[in-house]
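Inspection log for the structure reproduced underneath, given as structure tokens.
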There are 2 protein chains.
Amino acid sequence: MSDLEAVSLRLEARGYRVTPPRRAVIAAVLQQAGHFSVEDLLHRCRGAGRATVFRTIRLLTELGVVCRVLLDDGSLHYRLSHRPQHHHHLVCTGCGKVQDLDDCAVSDLVRELSGSSGYEIEGHWLEFYGHCSACRSEVLAGVSS
Amino acid sequence: MSDLEAVSLRLEARGYRVTPPRRAVIAAVLQQAGHFSVEDLLHRCRGAGRATVFRTIRLLTELGVVCRVLLDDGSLHYRLSHRPQHHHHLVCTGCGKVQDLDDCAVSDLVRELSGSSGYEIEGHWLEFYGHCSACRSEVLAGVSS
DNA sequence: TCAGACATGATACCTCGTCTCAGTGAGACA
DNA sequence: TGTCTCACTGAGACGAGGTATCATGTCTGA
């Protein structure tokens, strides 16, 4: 079963119809290698309207098919989520590559914080920014030349 | 020395002029108890123009006088920073109260991640969301009544 | 005094996202 | 088969939040 079919089935299981514009958006999302903005999708899905693309992305976010990535300049991008469960991102500020971090090491901190602060902590947002090994070696090569 | 004077001195030390509109924005920021949007400041500084308020907030962010707070609905607010150094926030989604977390417990995780991922990690963004003790007791009172 | 740098407010503009609304089409049902 | 309902659609208006531009004002140092 292709990814497109799998996502379509998940939509149908929730009672949503899988229409041609939605298929176009899902296909465009599945083609994206890294993170992308809604504007990128709008360019790829010329047939689908602006509102439809936004609506479909919101649907896919609810389904856990895509997840939101906060870049270090504050802009919000999306990314195909290979992990429907809670996870974090490691974003390369050089090439834009994003890596998933599946073990949430903050959960211990959350427990500790719940005790000390009196808050009932329901969620958190954690993103790491840095340079991947490829970008680091490029920078070093640039300096030495 | 008042807070207003202290911030003014920091601006001057960086070579910026302390003009009446800037003083008005700084005073408005210092009066804010919790987090605020630029729109809130615009209401409080009727004399200063929209662009000036945005420019001054950007300046104050650079100086570390205010810091950005990402709310759980994705909107960006600002907050008077009592800790110029790196810190995190604990945001109450009920009343909007924000608490600073000064010990960055992610630094161990950053070191560990640098080794395992090959990334040179330069920054991270961490916000916690939950309900403060006051909001929790309100909810409980509402349920029991 | 004067030139140049800096700061200003007004306003146009941009980006990103939501809302509204009339039209469309798929599916249920008589 | 016809009709009815309702989810879904695209177009476009709208709003929030922020930036760019520009003429003008003000400060500073020579």
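Every heavy atom of this structure was used, including side-chain atoms; hydrogens, water molecules and symmetry mates were not. Computed from a prediction, not measured in an experiment: that's the story for all the values here.
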Could you pull out all residues at least two apart from S117(B) that satisfy side chain to side chain donor-acceptor pair (under 3.5 Å)? none
Scan nucleotides 14-17 of chain D against the protein and return all N/O pairs shorter than 3.5 Å with their distances rounded to 0.1 Å.
{"unit_1": "dG17(D)", "atom_1": "N7", "unit_2": "R50(B)", "atom_2": "NH2", "d": "3.4"}

Could I get the full list of side chain to side chain contact (heavy atoms under 4.5 Å, CB included) partners for C92(B), not counting sequence neighbours? Y119(A), C95(B), K97(B), C132(B), C135(B)
I want to check something: taking the side chain as every heavy atom from C-beta on, are L126(B) and W125(A) in contact at a cut-off of under 4.5 Å? no
Applying side chain to side chain donor-acceptor pair (under 3.5 Å), name anything that partners T61(B), two or more places apart in sequence or on another chain. none
Without decimals, in angstroms, what is the distance between R23(A) CZ and dC8(D) P? 15 Å
Ignoring hydrogens and angles, write down the donor-acceptor pairs under 3.5 Å from the side chains of residues 15-22 of chain B, residues two or more places apart or on other chains.
{"unit_1": "R22(B)", "atom_1": "NH1", "unit_2": "R17(B)", "atom_2": "O", "d": "2.8"}

Answer yes or no: does a side-chain N or O of T19(B) lie under 4.0 Å from OP1 or OP2 of dT26(D)? no
Specify the residue among Y78(B) and P20(A) whose closest nucleotide of DNA chain D lies further upstream toward the 5′ end. P20(A)
Rounding to a whole Å, what distance do you find between L60(A):CG and dC8(D):P? 13 Å
Roughly how many Å is it from CG in D40(A) to P in dG17(C), rounded to a whole number? 11 Å
Would you kindly give the CZ-to-P distance between R68(A) and dC16(C), to the nearest whole Å? 15 Å
Quick one: L59(B) CG to dT8(C) C1', roughly how many Å, whole number? 13 Å
Suppose we screen for side chain to side chain donor-acceptor pair (under 3.5 Å). Which residues come up paired with R44(B), at least two apart in sequence or across chains? Q31(B)
R111(B): which residues meet the side chain to side chain donor-acceptor pair (under 3.5 Å) condition with it, sequence neighbours left out? D108(B)
Tabulate atom names and distances for all N/O pairs under 3.5 angstrom spanning the protein and nucleotides 2-6 of chain C.
{"unit_1": "dC6(C)", "atom_1": "O4'", "unit_2": "R17(B)", "atom_2": "NH2", "d": "3.4"}
{"unit_1": "dC6(C)", "atom_1": "O2", "unit_2": "R17(B)", "atom_2": "NH1", "d": "3.4"}

Specify the separation, in whole Å, of atom CG of L11(B) and atom P of dT8(C). 10 Å
Taken in chain and number order and not counting sequence neighbours, the residues that satisfy side chain to side chain contact (heavy atoms under 4.5 Å, CB included) with F54(A) are V38(A), R50(A)
In whole Å, what is the span from the CD atom of E12(A) to the P atom of dA7(D)? 16 Å
Residues that H77(A) engages under ring pair (Phe, Tyr, Trp, His ring centres under 6.0 Å), provided they are two or more places apart: H35(A)
For V38(A) and for G47(B), locate the closest nucleotide of DNA chain C by heavy-atom distance; then report the residue assigned to the nucleotide nearer the 5' terminus. G47(B)
Applying ring pair (Phe, Tyr, Trp, His ring centres under 6.0 Å), can you list everything that pairs with H131(B), at least two apart in sequence or on another chain? none
Under a 3.5 Å distance rule, please check whether S75(A) uses its side chain to pair with a backbone N or O of L71(A) as donor and acceptor. no
Polar atom pairs (N or O), protein with nucleotides 19-24 of chain C, under 3.5 Å:
none

Grab the CG-C1' distance between L42(B) and dT19(D) for me, whole Å please. 14 Å
